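This chain uses plain numbering: 1 for the first residue, then up along the sequence. Computed from a prediction, not measured in an experiment: that's the story for all the values here. Worth knowing before you read on, the calculation uses all heavy atoms, side chains too, and leaves out hydrogens, waters and symmetry mates.
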Amino acid sequence: MAHATKYLPMIHPRSLFSIHKTSKTLTFAYTITFAFVAFTIFLAFCPSSNTSSPMFTTTSYMSQLSSIFSVFFQNTTSSSNSSMAFATLNTNPYRSTNTTSHSSQKTFKTSPLQNQTQTTPTTNKAKPSDHVVNKESSSGSNHTQVEAKPLKKINQSAKGGYPADNFSGASHNQNLGDLVNGGDTGKGVVHSDYPGSPLKRQNSGNNEKDSRVKDEKMEALIKCDFFDGEWVKDDSYPLYEPGSCNLIDEQFDCIQNGRSDKEYLKYKWKPKGCSLPRLDGHRMLDLLRGKRLIFVGDSINRNMWESLLCILRNAMKDKSKVYEANGRVQFRGEASYSFIFKDYNFSMELFVSPFLVQEWEVQVKNGTKKETLRLDLVGKSSNQYKNADIIIFNTGHWWTHDKTSKGKDYYQEGSHVYDELNVLEAFRRAITTLSRWIDANVDPSKSMVFFRGYSASHFSGGQWNSGGQCDSETVPIKNEKFLKEYPPKMRVLEKVLKYMKTHVTYLNVTKMTDFRKDGHPSIYRKQNLSSEERKSPLRYQDCSHWCLPGVPDAWNEILYAELLLRKYQNQHQQKKP
């Protein structure tokens, strides 16, 4: 026992106090460490909402903690490693977008795509969607950067194209806002009044783009040969419905006269080098406001005149303000007709002059009179329209009749009647007389002058007075090799027009009409047939004039295009210094 006691360790009171002191120190150190860790975790997950706080930026805050830890635990590495990992997590450029629990509380001042709910007014302007939207602010604080490109890709996959290509109005902005804000359609909407927004950029460029497209179309029309083309099916035609216009003469009103096939109405004329603008009656009336439009010629010009009357009248809301000056409702037998469009201070007039020179009479030896054609005198009504704004001449069909084609004892100049004169030479002299009158009397700075060429006939098995027919024709000619030879009279006309001082626009409709053997009234030229006509209706056919609606509507579309071109060229000349 004594031996055992002898070797027992002696415990001094001071050593007991030392042991107690060491335990207390460790406990205190662990407590301090736990408190700092807990405080750090608390601040990390509950950051200050005050943007002016130095703790707002996670990176700067973590750097402060690192310096504090380094004072107390210079050799500790686990805490510093965890702080670096935490800092890396919070600088992920997609975290702020993908985090939904706090996204409504965070503010990114420079982004037009984020939900802007901060109470502090924002002065930074939104950036276009093709720029980085969350850049460093003017105050120098480093906000999280979110590029627009990922958003574009999301929108593309959802909508099938980039936002600028497939949105209309606010719908695109709402879709884009939905993607950014987790589907909340009331937040994050990019409005069109943001400076530099895609919508505003598009709107600002629309006028310039439209003007450029318009110029390109007009330049294409300037270069285009309107009369080299083809007839194509178009179900949007005719320009007016059959039966919708009571101004059509019975002779041209084929549907009302019993024609049952209507496919001939569904064609439009398509030049090879361009597309003619569809005739807009309202716009054409504006072009014609305050003007006089004159048609001078034969019954084929009456065909064209009535076509345009119907197109323009149907564009009027109040049709009672369109009326014939003398109250006439039939347009055959008188020397002239004039329709007034009261709201536009515009008149459309027809002067009947089949040859464009005067029909005459001379007294023969036995006291009787015979008819002649004065090749040296322009039509009697010429003084009534020489100051008109637009004049459209035509002649041709009456030069194929017996008297004119044979040319015996019929053509006259001065007091001399030719025993015989070739019809082509007579035609040349008549057109030369007209050309000289135009050069001497029409002011080209005020008036536009047109000459419409020969309109093809399609009599088969005879002529107009010998049983010629076309009633079985229901489709146009497709192959050009079946067209007739170009009329020699039109070559004479072209040569005369070429040497005129006054510019005359030649409406060369010969070829385009030759295709349309299906467009004539044929047997549908009247409702009430005479007893003779009922006995042999096929003998009395009209294969010269045209049904309305029909082919003459296309002539008026070309006239419309010419008026548009003239206005366009005048505007560009005025812009030149």
Side-chain angles (χ1 to χ4, degrees), residues 225 227 294-302 304 351-362 370-383 385-386 391-442 444 447-457 463-464 483-514 544 555:
D225 180 355
F227 307 100
I294 309 296
F295 290 81
V296 184
D298 57 25
S299 56
I300 309 296
N301 242 18
R302 177 162 56 93
M304 184 180 180
F351 289 87
V352 179
S353 183
F355 298 103
L356 298 178
V357 290
Q358 289 190 33
E359 295 178 75
W360 201 260
E361 289 183 339
V362 294
K370 67 175 181 181
E371 295 177 347
T372 60
L373 189 64
R374 287 292 300 266
L375 301 176
D376 55 341
L377 295 177
V378 74
K380 293 179 180 179
S381 56
S382 57
N383 281 335
Y385 55 74
K386 66 180 181 180
I391 311 172
I392 303 172
F393 294 99
N394 101 290
T395 189
H397 283 271
W398 283 47
W399 293 87
T400 63
H401 295 177
D402 284 344
K403 286 184 180 180
T404 51
S405 61
K406 292 177 181 178
K408 293 183 177 181
D409 202 26
Y410 180 62
Y411 296 120
Q412 178 178 354
E413 286 183 314
S415 59
H416 177 70
V417 178
Y418 292 91
D419 293 334
E420 186 173 354
L421 185 64
N422 180 273
V423 64
L424 277 180
E425 176 58 22
F427 182 81
R428 186 193 66 79
R429 296 186 186 192
I431 297 300
T432 300
T433 296
L434 175 69
S435 69
R436 289 171 178 167
W437 177 86
I438 292 173
D439 283 341
N441 292 276
V442 176
S447 303
M448 294 178 66
V449 182
F450 295 87
F451 199 109
R452 183 181 55 75
Y454 184 77
S455 168
S457 297
Q463 291 301 313
W464 65 276
L483 300 181
K484 300 183 184 73
E485 181 187 358
Y486 189 64
K489 293 185 184 68
M490 294 301 99
R491 298 197 185 280
V492 171
L493 170 66
E494 291 173 13
K495 189 173 182 179
V496 173
L497 296 180
K498 181 179 179 180
Y499 291 101
M500 289 181 63
K501 292 188 298 182
T502 306
H503 174 72
V504 176
T505 302
Y506 180 35
L507 302 177
N508 188 2
V509 303
T510 302
K511 181 179 178 180
M512 68 182 290
T513 55
D514 204 356
S544 295
W555 307 343

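Under the 4.0 Å criterion applied to side-chain N and carboxylate O atoms, Lys406 and Glu420 are not assigned as salt-bridge partners. A salt bridge links Lys484 with Asp514: at least one charged nitrogen is closer than 4.0 Å to a carboxylate oxygen. The residues Arg429 and Glu425 are annotated as salt-bridged, a charged nitrogen and a carboxylate oxygen being separated by less than 4.0 angstrom.
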Take Arg428 and Val496 through the test side chain to side chain contact (heavy atoms under 4.5 Å, CB included) and record every step on the way to the result.
-> CA-CA 8 Å; Arg428 186 193 66 79; Val496 173; 4.3 Å; yes
Apply the test side chain to side chain contact (heavy atoms under 4.5 Å, CB included) to residues Trp555 and Ser455: give CA-CA distance (whole Å), side-chain angles for both, the deciding distance (0.1 Å), then the verdict.
-> CA-CA 11 Å; Trp555 307 343; Ser455 168; 3.8 Å; yes
Give the intermediate values and the outcome of salt bridge (Lys or Arg N to Asp or Glu O under 4.0 Å) for residues Glu371 and Lys403.
-> CA-CA 10 Å; Glu371 295 177 347; Lys403 286 184 180 180; 2.8 Å; yes
Can you list the steps and then say if Arg452 with Asn301 is a side chain to side chain contact (heavy atoms under 4.5 Å, CB included)?
-> CA-CA 9 Å; Arg452 183 181 55 75; Asn301 242 18; 3.1 Å; yes
Check step by step if side chain to side chain contact (heavy atoms under 4.5 Å, CB included) holds for Asn508 and Phe451.
-> CA-CA 8 Å; Asn508 188 2; Phe451 199 109; over 6 Å; no
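Looking at every heavy atom in both residues, Glu413 comes nearest to Tyr418 through OE1-OH, 2.6 Å. Closest approach of Phe227 to Lys511, counting heavy atoms only: O-CD, 4.3 Å. Nearest heavy-atom pair, Thr372 versus Glu361, reported as atom, atom and distance to 0.1 Å: OG1-N, 4.1 Å. Minimum interatomic distance between Leu507 and Met304 (heavy atoms only, all atoms of both residues): CD1-CE, 4.5 Å. Closest non-hydrogen pair, Val442 versus Lys386, comes out as CG2-O, 3.9 Å. Minimum interatomic distance between Asp298 and Ile300 (heavy atoms only, all atoms of both residues): OD1-N, 3.0 Å.
Checked against the 6.0 Å centroid criterion, the rings of Trp398 and Tyr454 do not qualify as a close aromatic pair. Ring to ring, Phe393 and Phe450 are not that close: their centroids are 6.0 angstrom or more apart.
Residues Ser544 and His397 form a side-chain contact, since some pair of their non-hydrogen atoms from C-beta on lies under 4.5 Å apart. Using a 4.5 Å heavy-atom cutoff, the side chains of Leu434 and Val378 are in contact. The side-chain heavy atoms of Ile294 and Ile392, taken from C-beta on, include no pair separated by under 4.5 Å. Between Leu424 and Lys489, the closest side-chain pair of non-hydrogen atoms falls below 4.5 Å. Here the side chains of Val352 and Pro354 are in contact, with some heavy-atom distance below 4.5 Å. Taking the side chain as every heavy atom from C-beta outward, Phe295 and Phe351 never approach each other to under 4.5 Å. Looking at Leu497 and Ser435, their side chains never come closer than 4.5 Å, going by heavy atoms from C-beta outward. Residues Leu373 and Tyr410 meet the side-chain proximity criterion, which asks for heavy atoms closer than 4.5 Å.
With rounding to the nearest 0.5 angstrom, the CZ atom of Arg302 is 11.5 Å from the CG atom of Asn394. Remark: Leu493 CG to Lys498 NZ distance equals 13.5 Å, nearest 0.5 Å. Residue Phe355 holds its CZ atom at 11.5 Å from CD1 of Ile431, rounded to the nearest 0.5 Å. Put simply, CD on Glu359 and CD on Gln412 are 12.5 Å apart, with the number rounded to the nearest 0.5 Å. Atoms OG and CD, from Ser382 and Gln358 in turn, are 7.5 Å apart once rounded to the nearest 0.5 Å. Note that the OG1 atom of Thr502 and the CG atom of Asp439 stand 4.0 Å from one another [nearest 0.5 Å].
Ser447 places no side-chain N or O within donor-acceptor distance of the main-chain N or O of Pro444, the cut-off being under 3.5 Å.
Ring geometry for Trp437 versus Tyr385: interplanar angle over 60°, hence perpendicular rather than tilted (30 to 60°).
In summary, of the residues considered (Ile438, Thr432, Val449), a side-chain contact (heavy atoms from CB on, under 4.5 Å) with Met500 occurs for Ile438 alone.
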